Amino acid sequence: MEKQNTYQRIYQMVKKIAPGKVATYGQIARLAGLAGHARQVGYALHNLPSGSDVPWQRVINSRGRLSFPEESVAWHMQKSILESEGVKFSENNTISLLKYQWKSF
DNA sequence: CTCGTGACGGTAT
DNA sequence: TATACCGCCACGA
């Protein structure tokens with residue numbers, strides 16, 4: 001029960017990302033008080049129960065690319081959702097962090 | 001307790 | 001630009 005505290009912190013932070021914006025794993029980790037633990041953010045999202053209201057699709061890696069193989073179903077789904085929120089992808093399937101990265105303050 | 005794993009990030013080559 | 005490694009550490013076997 002209590003061990004989910006770390007996950008909850010991550011989930012709460014991800015929930016704050018505004019629609020049409022994205023954040024990197026490292027950024028979420030840092031804001032959640034877990035500086036340098038980007039992998040734990042990915043682990044937490046992987047563990048995310050289906051049907052939750054956490055906008056997991058808004059979390060991408062530092063290179064502005066989705067963390068799934070491009071041929072995977074999950075990859076296409078994440079891209080689809082982000083586009084519906086207004087995030088545009090470049091031809092090489094990357095997102096401009098300069099333009100879409102979420103600012104927390 | 002040890003070990004492998006991973007929806008990552010940075011640096012080196 | 002693309003790989004290859006390594007650091008980091010929660011989690012489960």
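A quick note: this is a predicted structure, and the numbers were derived from the prediction, not measured. To find a chain, count down the sequence lines: A is the first, B the second, and so on, and within it residues start at 1.
With C:dC9, B:dC8, C:dC11 as the candidates, the nucleotide lying closest to the side chain of A:Gln40 is C:dC9.
Looking only at side-chain heavy atoms (C-beta outward), A:Ile10 and A:Leu34 come within less than 4.5 Å of each other. Proximity of A:Val73 to A:Phe68: side-chain heavy atoms (C-beta onward) are nowhere separated by under 4.5 Å. At a threshold of 4.5 Å between non-hydrogen side-chain atoms, the residues A:Pro55 and A:Gln57 count as touching. Side-chain contact between A:Asn47 and A:Tyr11 is present, with heavy atoms from C-beta onward closer than 4.5 Å. For the pair A:Val41/A:Met13, no side-chain contact is recorded, criterion being any heavy-atom separation below 4.5 Å from C-beta on. Residues A:Ile60 and A:Leu97 are in side-chain contact: their nearest non-hydrogen atoms beyond the backbone lie under 4.5 Å apart. Residues A:Ile81 and A:Met77 form a side-chain contact, since some pair of their non-hydrogen atoms from C-beta on lies under 4.5 Å apart. Residues A:Asn93 and A:Trp75 are in side-chain contact: their nearest non-hydrogen atoms beyond the backbone lie under 4.5 Å apart.
Residues from residues 65-85 of chain A lying near DNA chain B, meaning a heavy-atom separation below 4.0 Å, are A:Ser67, A:Phe68 in numerical order. Within residues 11-35 of chain A, the residues approached by DNA chain B to less than 4.0 Å at the level of any non-hydrogen atom are A:Thr24, A:Tyr25, A:Gly26, in residue-number order. For the contact set between residues 48-56 of chain A and DNA chain B, defined by any heavy atom under 4.0 Å, the members are A:Trp56.
Computed from coordinates, the A:Leu45 CG to C:dC11 P distance equals 14 Å when rounded to whole Å. Distance CD1 (A:Ile10) to C1' (C:dC11): 13 Å, rounded to an integer number of Å.
Between A:Ile95 atom CD1 and A:Gln101 atom CD the span is 11.0 Å, to the nearest 0.5 Å.
Without hydrogens or angle criteria, A:Arg9 side chain to A:Ala32 main chain gives a donor-acceptor distance under 3.5 Å. Side chain of A:Arg30 to backbone of A:Tyr25: no donor-acceptor contact under 3.5 angstrom is found. Remark: side-chain polar atoms of A:Lys88 are not paired, donor with acceptor, to backbone N or O of A:Gly86 under 3.5 angstrom. With hydrogens and angles disregarded, no donor-acceptor distance shorter than 3.5 Å links the side chain of A:Gln40 to the backbone of A:Thr6. Proximity of a side-chain donor or acceptor of A:Arg65 to a complementary backbone N or O of A:Thr94 within less than 3.5 Å is not detected.
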Using Watson-Crick and G-U wobble pairs with both distances under 3.5 Å, what is the 5'-to-3' dot-bracket string of DNA chain B, with [ ] for crossing pairs and | for pairs outside the strand? .|||||.||||||
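Neither OP1 nor OP2 of C:dC8 sits under 4.0 Å from any side-chain N or O of A:His37. At the phosphate of B:dC8, neither OP1 nor OP2 sits under 4.0 Å from any side-chain N or O atom of A:Ser62.
Residue A:Ala23 comes nearest to A:Trp102 through the heavy atom pair CB-CE3, 4.2 Å, listed as atom of the first residue, atom of the second, then distance.
Other residues, nucleotides and ligands place no more than 12 heavy atoms under 6.0 Å from the NE2 atom of A:His46.
Nucleic acid contact for A:His46: base, since at least one base atom lies under 4.0 Å from a heavy atom of the residue.
Ion pairing of A:Lys21 with A:Glu85 is absent here, as no side-chain N (NZ or NE/NH1/NH2) approaches a carboxylate O to less than 4.0 Å.
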Give each protein N/O atom lying under 3.5 Å from an N/O atom of nucleotides 3-6 of chain C, with the pair distance.
none

Write down the protein N/O and nucleotide N/O pairs, taken from nucleotides 3-5 of chain B, whose separation is under 3.5 Å; answer none if there are no such pairs.
none

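Between A:Tyr7 and A:Tyr43, the ring-plane angle classifies as tilted under the 30° and 60° cut-offs.
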